[in-house]
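Since the structure comes first, as structure tokens, the remarks are kept for the end.
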Amino acid sequence: MKKFINNVDDLLVESLSGFAAAHADLVELHLEPHFITRKNKAENKVAIISGGGSGHEPLHSGYIGYGMLDAACPGYVFTSPSPDQMLAAAEAVHAGKGVLFIVKNYAGDVMNFEMAAEMLPFDNATVLTSDDVAVENSTYTTGRRGVAGTVIVEKAVGSLAETGADLAACKALGDKVNSRTASMGVALTSCTVPAAGRPTFDMGELELEMGVGIHGEPGRRRESMRNADAIVADLVAAILEDLKPARGTEVLLLINGFAATPLMELYLLYNSAAKLLQAQGLVISRSLVGNYTTALDMAGASITVCLLDDEIRQHWDSPVHTAALRWQR
Amino acid sequence: MKKFINNVDDLLVESLSGFAAAHADLVELHLEPHFITRKNKAENKVAIISGGGSGHEPLHSGYIGYGMLDAACPGYVFTSPSPDQMLAAAEAVHAGKGVLFIVKNYAGDVMNFEMAAEMLPFDNATVLTSDDVAVENSTYTTGRRGVAGTVIVEKAVGSLAETGADLAACKALGDKVNSRTASMGVALTSCTVPAAGRPTFDMGELELEMGVGIHGEPGRRRESMRNADAIVADLVAAILEDLKPARGTEVLLLINGFAATPLMELYLLYNSAAKLLQAQGLVISRSLVGNYTTALDMAGASITVCLLDDEIRQHWDSPVHTAALRWQR
Amino acid sequence: MKTLFILEAMTTVNQAILSSESELESLDRAIGDGDHFINLKRGCAALLAMHDELSPLAPAEVLQRMGMKLLSTIGGASGPLLATFFMTLAKAEKTSDVSTLADIASAFQASVDAVKQRGKADRGEKTMLDTLIPVAETFTQLTQQDTDRLLLLTALQQAAEQGMQSTREMIATKGRASFLGERAIGHIDPGARSSQIIIHTICELAKTKIA
Amino acid sequence: MKTLFILEAMTTVNQAILSSESELESLDRAIGDGDHFINLKRGCAALLAMHDELSPLAPAEVLQRMGMKLLSTIGGASGPLLATFFMTLAKAEKTSDVSTLADIASAFQASVDAVKQRGKADRGEKTMLDTLIPVAETFTQLTQQDTDRLLLLTALQQAAEQGMQSTREMIATKGRASFLGERAIGHIDPGARSSQIIIHTICELAKTKIA
Ligand SMILES: Nc1ncnc2c1ncn2[C@@H]1O[C@H](COP(=O)(O)OP(=O)(O)O)[C@@H](O)[C@H]1O
Ligand SMILES: Nc1ncnc2c1ncn2[C@@H]1O[C@H](COP(=O)(O)OP(=O)(O)O)[C@@H](O)[C@H]1O
Ligand SMILES: [Mg+2]
Ligand SMILES: [Mg+2]
Ligand SMILES: [Mg+2]
Ligand SMILES: [Mg+2]
């Protein structure tokens with residue numbers, strides 16, 4: 001394992017410190033418990049708080065700021081944060097209209113946020129994101145994982161909250177975006193959890209993992225390496241099978257890198273995916289390409305499609321000013 | 001080599017097509033010869049054109065748009081573009097005030113841009129970027145390489161051009177920023193040129209290449225892997241030895257990823273570098289952290305310091321709207 | 001339960017967990033995300049650091065503080081579950097005097113029930129509950145039958161071992177491994193294994209106190 | 001020079017370059033960026049595709065179009081340099097009748113001089129010029145002495161070989177390898193090697209025409 005670290009135990013705090021210093025105009029770092037807040041406390045709005053294990057940067061801290069999150073609670077690498085973090089963050093950013101937690105659907109995150117929610121002295125609600133269609137959503141499972149679609153949920157909900165909408169409305173929009181969003185990923189290499197010091201899974205030089213999770217969880221199947229168009233065709237097919245969009249539907253297409261895949265390849269994937277969506281009669285009216293929900297140092301990428309409507313498009317387009325997403329401001 | 005490609009020969013055009021499609025609001029792609037232009041042709045300003053071998057994305061295409069470049073000429077992977085591309089791009093974007101080429105200092109880029117400049121029927125000038133202090137700038141060499149500092153040059157010059165400044169002023173600002181900017185990089189892995197199919201250099205599991213170039217050119221020395229603070233100390237020392245800034249100088253600190261290094265590690269590097277600069281009495285007033293000048297799929301990073309003055313700071317802060325850098329718009 | 005025993009158990013369990021590093025790590029790498037050992041290690045270290053603070057306190061307070069500490073240091077899925085376990089034990093200690101073996105068995109059962117609730121999970125879902133539930137059942141049964149202490153402790157260890165082993169052939173329907181479907185078969189659940197290690201270690205310690 | 005011979009040389013050189021793939025690639029990987037072979041291959045392929053378009057044309061026009069094509073297809077450092085070489089040859093063909101060996105030698109010398117100018121480089125800087133300059137000198141000398149054709153061609157091949165080999169011990173002061181300082185020592189320059197291959201191949205072809 002070769003990484004830019006000093007020692008594994010200090011990695012998280014040193015990285016958070018660097019983040020906070022580089023974006024001192026936007027965010028403030030609090031330690032023990034660890035959480036990051038928006039610099040200028042917003043008034044009279046629902047406080048939007050997310051969090052989860054670290055290693056997915058810029059998720060979530062990179063989305064703190066005007067039009068998106070009020071706070072984020074980073075856990076250790078791939079480990080859900082603990083309730084004391086959420087409680088302290090909520091205490092710091094609540095602004096009289098309650099707290100909305102945006103939580104990726106993993107047992108650990110769900111339970112920790114749930115315990116925080118139970119202890120919280122403010123009105124609160126939770127949006128669980130579950131866009132990963134690699135997981136067959138049969139009744140006996142925990143349900144699907146939340147992956148890169150979470151960014152779209154956070155953007156939309158953050159935008160609505162900025163208008164002064166109430167907690168119920170924010171929760172409703174979050175649930176709606178989540179239900180209209182589907183993702184699936186593929187890994188070309190494993191990631192390496194710093195504390196573990198070696199790759200989470202073994203992968204042959206000519207293999208890929210179809211449907212991989214953002215923690216390096218095995219996916220639907222291990223396959224032989226194929227060309228990009230063939231890989232994209234499978235991902236898009238799984239996504240469309242889930243969303244079943246009508247021809248003419250307007251969509252947002254997000255090509256998300258897991259960290260180690262060059263932009264050049266991500267744009268090639270975009271090219272390939274866009275053609276397939278257009279062939280299905282879909283209209284790609286918004287796009288995002290880059291590393292937005294990563295998996296430590298994994299080479300790989302995911303495709304996310306979100307079915308837009310006027311409301312979601314408007315909240316996607318609205319001004320945002322965070323470390324990782326910024327426009328109109 | 002595992003990459004998301006269909007076949008090596010189509011990689012560039014497919015990737016450019018994806019880029020152009022994903023940013024159809026910003027750019028337009030032209031093929032044979034290949035170049036990319038800003039969507040809405042600017043009027044009455046110096047046309048700013050850059051270009052170079054591909055594999056450094058988002059450099060340069062990602063910087064096309066308001067406040068930065070008017071066009072970019074992408075060569076094949078790590079291969080300078082050819083003069084016909086520059087001629088066609090200049091023809092497309094010139095707007096009556098001449099053309100400024102921003103060229104990274106490599107023999108190939110210099111000669112191809114030079115031949116284009118000789119053939120060009122418009123007023124033109126060239127800014128050569130040469131910020132890489134890994135190269136000892138002795139008189140008998142080609143001079144230093146242009147690396148991530150190029151982004152700062154492009155941002156500043158693009159901003160000035162937007163004000164209607166003339167060619168000489170744009171060239172002068174570009175040269176000034178370049179002279180006040182120094183960078184040095186380190187590789188943890190080699191990159192793999194797609195057409196070559198295997199790593200450009202061999203690197204042991206516990207080695208690093210100090211002073212590596214963005215094409216995987218060997219650097220100052222091969223070393224044993226060390227902790228991040230020690231690596232950063234060497235990079236910062238080389239940069240400061242070159243710039244020799246007075247205490248109290250205001251600087252921009254850019255931590256640039258070569259593609260495969262996670263944001264989490266880049267922020268850790270930022271943390272480490274910022275402390276060292278502050279210990280030298282420097283004031284870090286602007287920051288940028290991310291993959292801005294990459295080296296295909298290399299794991300590694302570079303540090304860039306630019307000595308700000310009022311003029312450069314103002315042109316850094318001014319509105320910009322490109323695929324990869326965007327603020328205030 | 002005595003504070004002294006709890007603290008001694010804490011130290012021994014820490015050692016047992018530390019010496020299972022590679023096994024726990026590879027179990028969670030196989031069907032999870034590889035951090036289960038690190039999570040436990042962090043939790044144990046935080047508990048150990050509290051040793052002097054805890055030693056003068058009553059058992060209920062000790063267990064409550066341990067639970068809160070685990071809640072704020074482990075994170076992940078195992079954090080809230082183990083914390084819930086300790087905090088429920090603490091509640092039992094607080095409300096009634098947990099002194100007989102039967103008292104301990106019923107406090108244990110209540111704690112396992114709380115974990116079931118928190119995790120919305122039950123036996124057969126390939127989690128730590130596959131270790132904990134059979135242990136709780138055996139505990140209750142054998143204390144009702146007034147079994148010899150040594151036999152009881154050995155029976156608890158066996159129940160934990162069997163429960164843990166039973167996860168090997170299961171499909172997971174809770175936790176991270178549930179995303180794997182059939183591919184989880186053949187691997188023991190990391191949480192089931194760590195719970196079994198903890199129970200085994202505490203029983204061994206208890207055996208040395210029988211004399 | 002005859003168009004027929006130029007086109008034949010083009011085909012043979014293409015084959016020679018293709019069969020040096022791994023060598024050229026590893027030379028440029030060692031002290032450059034690994035793309036020299038690919039660049040040449042792309043240029044050669046573009047030339048071959050022009051074969052039918054070129055065959056009816058006069059040599060000057062053929063060389064000029066080849067130069068322009070190389071300029072727009074090779075890119076990198078070698079693109080403008082090789083293009084400059086061809087375009088200068090074309091100029092010589094155009095301005096005077098290049099028929100005697102001495103004519104060819106002086107056109108060759110002019111082309112090498114143009115490359116020196118374009119690259120702001122000279123002998124001893126570890127570039128293709130270390131192959132080209134000695135060849136030009138030998139060419140001029142031996143044609144002045146009216147040497148036997150076969151001996152001349154062999155001497156050119158030797159000059160190219162020696163020039164190419166001489167780059168091995170040089171520090172580079174031009175091109176990408178100049179960034180390496182001492183570390184470039186021990187490696188032959190890729191451009192010097194490819195130029196040598198081209199010259200060697202053309203001389204071999206010319207030998208078959210002597211009969
Ligand atoms: N809903 C649940 N109920 C009971 N136990 C669970 C549940 N979800 C997960 N677990 C247990 O937690 C263990 C994983 O813990 P850990 O690796 O520390 O957290 P994470 O899965 O968040 O990385 C699993 O092996 C399983 O035994
Ligand atoms: N200034 C120069 N003058 C002459 N030849 C040069 C010069 N710079 C580079 N070269 C030649 O070009 C070769 C490299 O070509 P190539 O790999 O195709 O381009 P690049 O270096 O841009 O990747 C070098 O090996 C060297 O022989
Ligand atoms: Mg985890
Ligand atoms: Mg090159
Ligand atoms: Mg785990
Ligand atoms: Mg090269």
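A, B, ... follow the sequence lines: proteins, then strands. Residue 1 opens every chain.
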For Tyr270(A) and His23(B), test the side chains for any donor-to-acceptor distance below 3.5 angstrom and give the result as yes or no.
->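 Absent: no donor and acceptor within the cut-off.
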Verdict with supporting geometry, Lys3(A) and Leu268(B), side chain to side chain contact (heavy atoms under 4.5 Å, CB included) = CA-CA 11 Å; Lys3(A) 288 179 187 286; Leu268(B) 186 144; over 6 Å; no
Among the options Pro58(B), Ala260(B), Ser15(B), pick out the one with the most heavy-atom pairs lying under 4.5 Å from chain A.
->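 Looking at each option in turn, the highest pair count goes to Ser15(B).
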Identify which of Ser54(B), Ala324(B), Ala230(B), Gly300(B) forms the greatest number of heavy-atom pairs closer than 4.5 Å to chain A.
->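 Greatest number of close heavy-atom pairs with chain A: Gly300(B).
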Segment of [X] engaging chain B (4.5 angstrom heavy-atom cut-off):
{"X": "Val77(A)", "value": "side chain"}
{"X": "Arg326(A)", "value": "both"}
{"X": "Asn7(A)", "value": "neither"}
{"X": "Thr294(A)", "value": "neither"}
{"X": "Leu188(A)", "value": "both"}
{"X": "Leu11(A)", "value": "both"}

Contact summary for [X] and [Y], nearest pair of heavy atoms:
{"X": "Ala228(A)", "Y": "Asn6(B)", "value": "N-OD1, 3.2 Å"}
{"X": "Ser287(B)", "Y": "Ala22(A)", "value": "CB-O, 3.7 Å"}
{"X": "Asn271(A)", "Y": "Ser17(B)", "value": "OD1-CB, 3.4 Å"}
{"X": "Lys2(A)", "Y": "Met225(B)", "value": "CD-SD, 4.0 Å"}

Working to the nearest 0.5 Å, report the span between [atom1] of [X] and [atom2] of [Y].
{"X": "Ser61(A)", "Y": "Leu263(B)", "atom1": "OG", "atom2": "CG", "value": "10.0 Å"}
{"X": "Leu16(A)", "Y": "Tyr267(B)", "atom1": "CG", "atom2": "OH", "value": "11.0 Å"}
{"X": "Ile5(B)", "Y": "Ile231(A)", "atom1": "CD1", "atom2": "CD1", "value": "10.0 Å"}
{"X": "Arg329(A)", "Y": "Trp327(B)", "atom1": "CZ", "atom2": "CH2", "value": "16.0 Å"}

Using a 4.5 angstrom heavy-atom cutoff, name the option from [options] with the most pairs to chain B.
{"options": "Glu205(A), His56(A), Met1(A), Arg286(A)", "value": "Glu205(A)"}
{"options": "Met298(A), Met264(A), Arg226(A)", "value": "Met264(A)"}
{"options": "Val186(A), Asp229(A), Leu266(A)", "value": "Asp229(A)"}

Using non-hydrogen atoms and a 4.5 Å limit, figure out which bit of Ala21(B) sits close to chain A: side chain, backbone, both or neither.
->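 Both the backbone and the side chain of Ala21(B) come within 4.5 Å of chain A.
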In terms of heavy-atom proximity below 4.5 Å to chain A, should Ala301(B) be classed as side chain, backbone, both, or neither?
->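 Both the backbone and the side chain of Ala301(B) come within 4.5 Å of chain A.
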Side chains of Asn291(A) and Asn291(B) in contact at under 4.5 Å (non-hydrogen atoms) =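 Of all side-chain heavy-atom pairs linking Asn291(B) with Asn291(A), at least one is under 4.5 Å.
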Is there a donor-acceptor contact under 3.5 Å from the side chain of Glu265(B) to the main chain of Phe4(A)?
->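 Looks like yes, one N/O pair under 3.5 Å.
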Does Arg221(A) CZ have over 12 foreign heavy atoms under 6.0 Å away?
->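 Above 12, so yes.
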